[in-house]
Amino acid sequence: MKNSEIADVFDQLADVLEFKGEMVFKVNSYRKAARTLRDTSEDIAVVAAENRLANLPGIGKSTAEKIQEYLKTGKIKKYEEERKGLSDELISMLQIPGMGPKSLALIHSRLKIDTFAALEDAIHSGRLAELPGMGEKKGENILKGIQLLREASKRIPLGVALPIAEQVLDEVRKFKSVRRAELAGSLRRMRETIGDIDILASASDHKKAIEAFAALPQVKRVLAAGTTKASVIVQGNQQIDLRVVDEECFGAALQYFTGSKEHNIKLRDIAKGLGLKINEYGVFRGDKKVGGKEEKEIYEAIGLQWMPPEIREDRGEIEAAKEGSLPALVTSKQIKGDLHVHSNFSDGRATLEQLAEQAEALGYKYIAVTDHSQSLKIARGLTPERVEQKGKEIQKINSKLKSLKLLLGTELDILGDGGLDYPDKLLEKFDWVVASIHSGFKQPREKITRRITSAMENPFVDCIAHPTGRLIGQRSPYEVDVEELLAVAAKTGTAIEINANYDRLDLDDIWCKRAKELGVKLAIGTDAHHLDHMNMIRLGVAVARRGWLEATDILNTLPLKKLRQKR
DNA sequence: GCCGTTTTCGGCCCGACTGTTTTCAGTCG
Ligand SMILES: Nc1nc2c(ncn2[C@H]2C[C@H](O)[C@@H](COP(=O)(O)OP(=O)(O)OP(=O)(O)O)O2)c(=O)[nH]1
Ligand SMILES: [Mg+2]
Ligand SMILES: [Mg+2]
Ligand SMILES: [Zn+2]
């Protein structure tokens, strides 16, 4: 699938055009097109073949032609032409924090600078400071920016960022000057990766709050600090932004700071059409403030229902809010069990008893203990004899449990040739079977897709675990045709997993939305190998919510009796 | 470049912080 590949080209084209001083709206339209491509689950080649490209938001005649061109030739002539004579290194200097297209263009044209080395040289020799609008400080800041860029941590997984953020949030809440504080930005929206940590606070004394924030012990550098906001870098080279407002603006500010940017822009545009203005301080008609204490007031002022942060991505939620057709998103409370955990029968650390205890603490009615199957020897996959033994132990434990049941499960290996790792005779003994791939990740699209769909056709397979195999920031998905997987799942009634491990989150939010459209049921599993991992269920729920899923789309919301009837 | 019950032309979100500025442009959120 070339969706994200083409998106990258449009983003690159936007950078080049912006560097060359192209109209900012034109540049933005390429960025919008890039975002639409990334947000589209359907294979863009299929959309193109059916001449539906221009139906996509932000893609018109010209961009559609460029997509067609790329699909045919692997290139976009416009991009190749525009970048002629500009090195990749030059354009990449736009990544330096504080270095925008205007500065870079000036530096490039006046000082003939093409490389980081030459740029640093020009700053040290004082040549940069002589340019109009430049000075000593600008040079110093660029040097610091280069340093920051070199050290910068990439986007970090949600599950890693959350505990760090929650700790900082606690500290901010302890500031004397602070009344309320909440996480905002991509964290509040529970995006799968986080660029920075955004925190909103209301304070009696803004200045005091900002000072206390900048003085936190973990702060390594203060990037900027004014009267309403500050940005700092903490240990681990993570950026934290704090925004401070008055209590009566908290709702408006939370709406603003939660984003997404694209969601905000659309809201503000609608407000404008109604003769209103939305900013982080409230909703205004002329000079008169007509709302802003509560987040809800912002939405209602422009005729929309309030909506949960997870769906604020400009993926149709604003239109749905207008029609009053927002989904009732699944909640953590509705989750009655975890459908993918490992015990020490295979490669998990916890005993069955410990798992049961943790499950009860989480208020569950059931957990599926899905240990690996026999071929997966490195993970101590279970022989049929061990399966029988495990089944007996589960029975024994279940007889002592009151509200919880352990389900005899397996994570059944789908072998390289598409065969399954246990015979049907054994499979029928399990309460819950998740099937997944642990080898042959590099197989071509058709082969690996067929491997998984043939597993789905086995009536004893309840669910396909981590269906794309991606590891966020580490490993690309298999070449698998997810659209085809979902189509087959809809037919066979097999569930697809939302693996809640923070490195996986697989299926992702965008595919979840597509799965719902096709009537496919999802099952959330933490894939826990330690007791602690079972808490990651909240990440799985977050993915489901970001994918617009409701309780009826998620098998984990079913009581045990209903879940069994599914089989 | 995209888009449209106000428009097929003329808009395209709105504000904070910094540095170099004597009134604002650039960058970022
Ligand atoms: N209205 C408006 N709001 C913006 C703009 N840029 C950012 N915001 C708001 C919405 C964002 O969610 C919020 C925080 O900005 P960030 O740059 O940290 O983005 P966000 O947290 O969404 O993603 P991230 O994971 O940090 O890359 O500020 C903008 O250009 N206009
Ligand atoms: Mg952020
Ligand atoms: Mg931020
Ligand atoms: Zn597993």
Side-chain angles (χ1 to χ4, degrees), chain A residues 10 13-14 17-19 21-36 53-67 76 78 82 94-107 128-142 144-145 148 184-186 195-200 206 210 214 222-232 239-245 249 252-284 298 302 314 318:
Chain A
F10 282 136
L13 175 56
L17 289 176
E18 196 173 31
F19 169 82
E22 180 56 277
M23 299 252 310
V24 67
F25 300 113
K26 217 168 184 175
V27 171
N28 283 342
S29 74
Y30 283 116
R31 298 210 167 110
K32 172 98 197 277
R35 187 169 216 258
T36 294
L53 284 174
N55 296 348
L56 295 172
I59 295 181
K61 193 163 171 289
S62 163
T63 312
E65 279 169 7
K66 290 183 178 69
I67 294 171
I76 294 174
K78 165 95 173 159
E82 295 287 353
L94 288 169
Q95 305 310 311
I96 302 169
M99 175 77 86
K102 294 288 195 305
S103 306
L104 187 61
L106 182 74
I107 291 166
L128 183 121
E130 287 163 15
L131 295 178
M134 296 285 165
E136 286 294 317
K137 285 254 172 87
K138 274 264 167 70
E140 279 170 34
N141 282 338
I142 291 173
K144 285 183 189 165
L148 273 180
S186 50
D196 68 352
I197 293 170
D198 299 294
I199 298 177
L200 174 70
H206 292 196
I210 301 267
V222 179
L223 298 178
T227 54
T228 69
K229 67 181 188 180
S231 291
V232 302
Q239 181 171 330
I240 309 186
D241 291 348
L242 178 73
R243 184 74 204 249
V244 182
V245 295
C249 300
L254 188 58
Q255 192 291 310
Y256 150 71
F257 212 28
T258 298
S260 64
K261 174 181 170 179
E262 291 75 11
H263 176 89
N264 287 355
I265 289 175
K266 196 167 248 180
L267 292 190
R268 289 169 179 212
D269 183 56
I270 291 172
K272 193 180 238 198
L274 297 170
L276 298 165
K277 181 177 73 172
I278 294 175
N279 59 27
E280 61 266 52
Y281 301 106
V283 187
F284 299 87
I298 308 299
I302 57 173
D314 189 22
I318 292 171

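Within every chain, numbering begins at 1; the chains are lettered A, B, ... in the order of the sequence lines, protein sequences first and strands thereafter. The basis for the numbers below is simple: all heavy atoms, side chains too, and nothing from hydrogens, waters or symmetry mates.
Taking A/S231 as the reference, A/D241 meet the side-chain hydrogen bond (donor to acceptor under 3.5 Å, both in side chains) condition, with sequence neighbours excluded. Looking at residues two or more places apart in sequence or on another chain, you find no side-chain hydrogen bond (donor to acceptor under 3.5 Å, both in side chains) involving A/R268. Residues passing the salt bridge (Lys or Arg N to Asp or Glu O under 4.0 Å) test with A/K78, sequence neighbours excluded: A/E82. With sequence neighbours excluded, no residue forms a side-chain hydrogen bond (donor to acceptor under 3.5 Å, both in side chains) with A/K229. A/S62 meets the side-chain hydrogen bond (donor to acceptor under 3.5 Å, both in side chains) test with A/K66; sequence neighbours excluded. A search for ring pair (Phe, Tyr, Trp, His ring centres under 6.0 Å) contacts involving A/H206 returns nothing, not counting sequence neighbours.
When each of B/dG29, B/dC17, B/dC2 is scored by its nearest atom to the side-chain atoms of A/T228, the top-ranked nucleotide is B/dC17.
Taking the C1' atoms as reference points, B/dC28 lies 27 Å from B/dG10, given to the whole Å. Remark: the separation of the C1' atoms in B/dC13 and B/dG29 is 12 Å, to the nearest Å. Of the P atoms belonging to B/dC2 and B/dT6, the separation is 24 Å, rounded to the nearest Å. For the C1' atoms, the distance linking B/dT18 with B/dG11 amounts to 30 Å, nearest Å. Taking the C1' atom of each, B/dT20 and B/dG26 are spaced 11 Å apart, rounded to whole Å. Straight-line distance between the P atoms of B/dT27 and B/dT21: roughly 16 Å, to the nearest whole Å. Look at the P atom in both B/dA16 and B/dC9: the space between them is 37 Å, to the nearest Å.
Residue A/Y30 contributes atom OH, which lies 7 Å from atom P of B/dC2 at whole-angstrom precision. Between A/Y281 atom OH and B/dG15 atom P there is a gap of 9 Å when expressed in whole angstrom units. In this entry the distance linking CG of A/D198 with P of B/dG15 reads 19 Å, nearest Å. Protein atom NZ of A/K61 is 17 Å distant from nucleotide atom P of B/dG4, rounded to whole Å. Atom CD1 in A/I270 sits roughly 16 Å away from atom P in B/dC3 (whole-Å rounding). With rounding to whole Å, A/E262 atom CD is found 14 Å from B/dG29 atom P.
In this model, the phosphate group of B/dA16 is not approached by any side-chain N or O of A/T227 to a distance below 4.0 Å at OP1 or OP2. For A/S231 and B/dG29, the shortest distance from a side-chain N or O to OP1 or OP2 is not below 4.0 Å.
For residues 271-283 of chain A, the set of pairs meeting the side-chain hydrogen bond (donor to acceptor under 3.5 Å, both in side chains) definition, not counting sequence neighbours, comprises A/R243-A/E280, A/R243-A/Y281.
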Pairs under 3.5 Å (N/O, protein and nucleotides 7-14 of chain B):
from	atom 1	to	atom 2	distance (Å)
B/dC12	OP1	A/K272	NZ	2.4
B/dC13	O2	A/R268	NH1	2.9
B/dC14	OP2	A/K272	NZ	3.0
B/dC14	O4'	A/R268	NH1	3.1
B/dC14	O2	A/R268	NH1	3.4

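Residue contacts for A/L56: at a heavy-atom cut-off of 4.0 Å it reaches the sugar-phosphate backbone alone, with no base atom in range.
Across all strands shown, B/dC12 is found opposite B/dG1 as a Watson-Crick or G-U wobble partner, with both distances under 3.5 Å.
Listed for the A/T258 side chain is a donor-acceptor partner under 3.5 Å among the backbone atoms of A/L254.
At a threshold of 4.0 Å, the pair A/E65-A/K61 counts as salt-bridged, since one of the basic side-chain nitrogens sits closer than that to a carboxylate oxygen.
Nearest-nucleotide mapping onto DNA chain B: of A/K78 and A/R243, the residue sitting toward the 5' end is A/K78.
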So if I define the base as every atom that isn't primed, P, OP1 or OP2, how would nucleotides 18-28 of chain B read as a B/S/- string at a heavy-atom cutoff under 4.0 Å? SSS-----SSS
Begin from the C-alpha positions of A/K144 and A/E140 and carry the test salt bridge (Lys or Arg N to Asp or Glu O under 4.0 Å) through to its verdict. CA-CA 6 Å; A/K144 285 183 189 165; A/E140 279 170 34; 5.0 Å; no
